[in-house]
Amino acid sequence: MSGIFIPTLYAMSGVCAFAALRHGFAVMQRRVSRIHLLFAMLSLLIMALILAKAGAYQAQTADTLVALRRWELSAISLVFILLPWFVAGYTGVRPRTLLIGLSAFWGLILAANLALPYGVQFVDLPRLTYFELPWGERVVDLRVLHPGIWNRIGWAGIFLVMAYSVYACVAQHRHGQPKRARALAWALGLFFASILFNWAVNHELIEFIHLSDFGFLSLLVLMDLEMMLESRDRNRRMRDILDHLPAAICQKDLEGRFQLINRRFETFFHVGGADILGKTDLDLFSREQAERARADEIRAVEIRQEVASEYVLERDGTQHILQSHQFPLLRPDGTAYAVCGVYIDITESRQKDEALNKFRRQIWHTDRVASTGAISASLAHEICQPLSAILNNAQAGLRFLEHDQVDLVEMREILQDIVRDDKRAGTIISGLRAMLQQEEMPYADIDLAQSIEEVLDLLHSELLQHGVEVERSLQANLTVRANKTQIQQVVLNLIINAQEAMTERPESERKLRVRTARDDGKVRVSISDTGAGIADHMLDRIFEGFYTTKPQGLGVGLEVCRSILESHHGAIWAEANPDRGATFHFTLPIVNTTTERPTGA
């Protein structure tokens with residue numbers, strides 16, 4: 001049975017080296033948290049400690065014994081510098097001042113151990129003595145110590161670390177993590193129990209050799225097992241999360257080979273999880289689709305940012321619109337080690353958006369019909385005026401033709417009047433037709449001032465009939481990209497609302513002001529009235545659907561205005577005038593100062 005103790009120590013050092021490598025590689029591959037790096041360093045220090053202890057048991061001279069014990073205590077000092085930080089990271093209990101103090105304390109012990117001639121465990125050169133183990137193996141007796149004051153100070157430091165560790169375990173248990181607290185408590189309990197056993201051996205209370213090496217190993221093995229189990233549980237939970245996300249997710253290496261896919265990816269693309277690993281898109285999809293995905297991956301790695309795109313995929317006999325997001329996974333130094341793809345089927349969402357837009361266009365059209373219906377009498381008068389003038393001029397021309405000598409100058413003036421009135425009638429009818437048509441006009445660059453003038457011309461008779469004086473200040477060359485019909489609908493609604501708000505005012509006080517101006521890369525349109533005004537508490541609510549202050553109102557006009565302007569990347573708001581009435585403002589991006597265009601442009 002002789003010769004088993006020292007080989008056991010070397011085997012224990014191998015276990016420590018294995019744990020250090022495993023946790024170190026896990027940290028480098030970013031599969032675990034940085035607490036594993038501290039554990040890897042602790043494992044290396046425990047390995048060094050055990051090797052120094054094994055050498056000390058076999059020392060041939062007193063000088064060799066002192067040197068090896070010095071290295072052993074240096075490793076112990078470094079262990080006690082790192083151990084509180086490991087406990088703090090594991091439990092989340094981080095009294096920073098205490099941790100820094102403990103590190104400084106053990107740093108001082110380490111410096112004293114290296115500076116003193118025989119280290120902190122000997123005040124002078126010891127004499128070699130031997131101890132025979134129960135199974136007959138003969139080793140150097142490490143109980144032979146000539147400790148000085150630094151050794152006693154070191155024991156005080158050990159008890160401080162013990163006290164903090166107990167406190168951290170209790171705090172972690174109270175914070176609802178009993179399993180983690182229990183695992184750490186068992187590991188630290190065996191570790192500190194072995195240290196107390198050493199103390200009892202040194203004071204000859206127990207006749208045996210030191211067992212702290214086994215305590216260090218117990219701490220390492222128990223925490224290694226617990227941390228790896230936690231890591232596997234964390235990976236399993238992450239996998240469960242990935243499998244339940246409503247998106248197809250995959251991870252590939254830099255060569256485009258699949259490393260990981262979630263369940264949604266398997267079901268959507270009809271692939272098996274085990275079969276796809278190590279393959280590329282060319283093995284699974286059409287060349288066009290594979291090359292497009294690969295191009296996005298390469299670009300994401302090159303620019304180190306997400307690359308988003310959309311494409312149509314034929315699946316199960318139907319077309320699906322996929323939204324693709326490719327982004328690189330980066331190391332701490334910024335280099336990419338993999339690329340992740342996220343694919344979202346937005347087919348149903350697009351169909352709903354299209355249905356919503358269709359419904360919105362129907363509401364907008366209904367609102368236009370209602371608005372023009374409200375001013376139908378005025379429109380009829382506006383159209384009848386040029387038609388009556390055309391009729392009168394045509395009849396006058398016929399009478400002139402009955403004379404023997406026709407005044408050609410007079411006839412030319414009559415024909416010019418007919419042409420002018422015809423164009424005016426045509427303009428009114430075209431504007432009315434545009435307002436009433438179901439089919440929307442496309443987005444185009446429009447002169448906003450001209451578009452507003454057309455609405456004012458359309459409402460000329462209506463405003464005149466109600467005694468409204470119009471003041472206009474329309475700045476030219478304010479070009480916006482918009483649906484002209486929709487923008488005119490907004491202006492029409494706001495002017496009609498302003499005219500109706502002034503109904504109860506004397507005609508001499510009914511003033512409508514329409515202004516346009518540049519406003520920080522946008523054009524602002526302001527329409528003011530001198531009506532009853534709007535209460536402060538109603539300024540935000542008036543743009544809500546079906547909210548109205550009119551007895552006969554439906555409450556959709558201002559909501560339609562808001563929807564139209566938002567679809568043009570604009571905004572609308574209302575203010576109470578200082579004297580009386582209210583002002584409605586809306587803004588639109590000016591073409592030459594914006595890079596983003598409204599949807600539909």
Side-chain angles (χ1 to χ4, degrees), residues 353 356-358 360-368 371-372 430-431 434-437 439-459 470-499 512-529 534 539-540 542-545 556-577 581-601:
D353 288 344
L356 180 61
N357 288 334
K358 182 179 179 181
R360 184 183 290 122
R361 288 193 297 268
Q362 290 174 345
I363 291 179
W364 293 349
H365 177 258
T366 303
D367 179 69
R368 286 199 299 273
S371 299
T372 52
S430 296
M435 292 292 292
L436 292 176
Q437 68 181 357
E439 198 67 28
E440 293 289 351
M441 294 177 63
Y443 281 69
D445 294 344
I446 63 172
D447 186 329
L448 193 58
Q450 180 183 345
S451 300
I452 294 174
E453 286 281 9
E454 291 175 4
V455 176
L456 289 172
D457 289 343
L458 197 65
L459 293 172
V470 180
E471 296 180 8
R472 63 190 77 186
S473 176
L474 304 177
Q475 185 175 341
N477 300 321
L478 294 178
T479 303
V480 298
R481 188 165 185 83
N483 182 306
K484 183 178 180 180
T485 302
Q486 293 176 6
I487 297 304
Q488 288 183 328
Q489 179 180 359
V490 171
V491 176
L492 177 70
N493 280 350
L494 295 179
I495 292 177
I496 290 176
N497 285 348
Q499 175 258 308
L512 175 72
R513 300 180 181 89
V514 183
R515 300 185 299 276
T516 62
R518 286 182 179 269
D519 184 9
D520 191 22
K522 299 179 180 180
V523 56
R524 177 190 291 198
V525 178
S526 302
I527 298 175
S528 302
D529 63 64
I534 304 173
L539 288 174
D540 293 330
I542 57 176
F543 295 101
E544 297 177 4
V556 297
L558 290 177
E559 199 276 336
V560 165
C561 293
R562 179 184 60 79
S563 299
I564 290 175
L565 290 167
E566 286 180 354
S567 72
H568 285 74
H569 299 292
I572 185 171
W573 68 97
E575 294 176 345
N577 294 336
T583 300
F584 283 80
H585 306 274
F586 71 83
T587 59
L588 289 169
I590 298 178
V591 167
N592 57 4
T593 59
T594 180
T595 58
E596 182 180 12
R597 290 188 169 184
T599 303

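Model, not experiment: these values are computed from the prediction.
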**Report entry** Test item: Thr516 side-chain N/O and Gln475 main-chain N/O as donor-acceptor pair under 3.5 Å
**Finding:** yes

Query raised in the report: Is there side-chain contact between Leu494 and Phe586, with at least one heavy-atom pair below 4.5 Å?
Result: yes

**Report entry** Rounded distance (nearest 0.5 Å) linking atom CG of Leu492 with atom CD1 of Ile487
**Finding:** 12.5 Å

Query - Non-hydrogen atoms of Asn577 and Ala582 that approach each other most closely - result: ND2-N, 3.2 Å

Requested in this report: Give, for atom OG of Ser451 and atom CG of Leu474, the distance between the pair rounded to the nearest 0.5 Å.
Outcome: 10.5 Å

**Report entry** Identified side chain to side chain contact (heavy atoms under 4.5 Å, CB included) partner of Ile446 from the options Val591, Asn483, Val480, Thr479
**Finding:** Val480

Query - For the student: nearest non-hydrogen atoms of Ile572 and Cys561, plus distance - result: CD1-CB, 4.1 Å

Query raised in the report: In a check of side chain to side chain contact (heavy atoms under 4.5 Å, CB included) between Ile527 and each of Thr583, Leu512, Val490, which one passes?
Result: Leu512

Query raised in the report: Rounded to the nearest 0.5 Å, what separation is found between the CD1 atom of Ile452 and the CD atom of Glu454?
Result: 10.5 Å

Query - Any donor-acceptor pair under 3.5 Å from Asp447 side chain to Ala476 backbone - result: no

Query raised in the report: What's the spacing between Gln488 CD and Gln450 CD if we round to 0.5 Å?
Result: 9.0 Å

**Report entry** Heavy-atom pair of closest approach, residues Arg481 and Tyr443
**Finding:** NH2-O, 3.8 Å

Query raised in the report: Rounded to the nearest 0.5 Å, how far apart are CG of Leu448 and CD of Glu453?
Result: 11.0 Å

Query - Gap separating the CG atom of Asn477 from the CZ atom of Arg518, nearest 0.5 angstrom - result: 8.0 Å

Report summary line: Looking only at heavy atoms, the pair that brings Pro589 and Lys522 closest together is CA-CG, 4.2 Å

Query raised in the report: What's the shortest heavy-atom distance between Ala571 and Leu565, and which atoms?
Result: O-CD1, 4.0 Å

Query raised in the report: Is there a side-chain contact between Glu471 and Ser528, using heavy atoms and a 4.5 Å cut-off?
Result: no

Query raised in the report: Can you check whether Thr587 reaches Trp573 side chain to side chain, under 4.5 Å on heavy atoms?
Result: yes

